[in-house]
Amino acid sequence: MNADFLASQQIAARVDDAARRRRDHDLSRAQRFARRASRAAAAARADLSRAL
C-alpha cells in the first residue's frame, strides 16, 4: 500500500512537471510570435510613414 502511494505520488509529480514544461514552452512560443508581430507592425508603420 505504501509503495503504491509513493509510486502514484511520483507519477503525479512527473505529470505536473511535464505540464509545467509544456506551459512554459507554449508561453515562450507565444512571446516569440508576439515580438515578431510587433516588429512587423513597426516596420509596416515605418514603410507607411515613408510612403506618405
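The first residue of the sequence shown is numbered 1, and numbering continues consecutively from there.
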>> The test is salt bridge (Lys or Arg N to Asp or Glu O under 4.0 Å); show your working for R50 and D47 and say whether it passes.
In response: CA-CA 5 Å; R50 280 194 295 271; D47 291 343; 2.3 Å; yes

> Salt-bridged, R14 to D17, with N to O below 4.0 Å?
Replying inline: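 Salt bridge: no.
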
> Going through the checks in order, is the salt bridge (Lys or Arg N to Asp or Glu O under 4.0 Å) test met by D26 and R22?
Replying inline: CA-CA 6 Å; D26 289 345; R22 181 68 186 170; 3.6 Å; yes

> If you measure from CZ on R32 to CZ on R35, what distance do you get to the nearest 0.5 Å?
Replying inline: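 If we round to the nearest 0.5 Å, R32:CZ and R35:CZ are 7.5 Å apart.
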
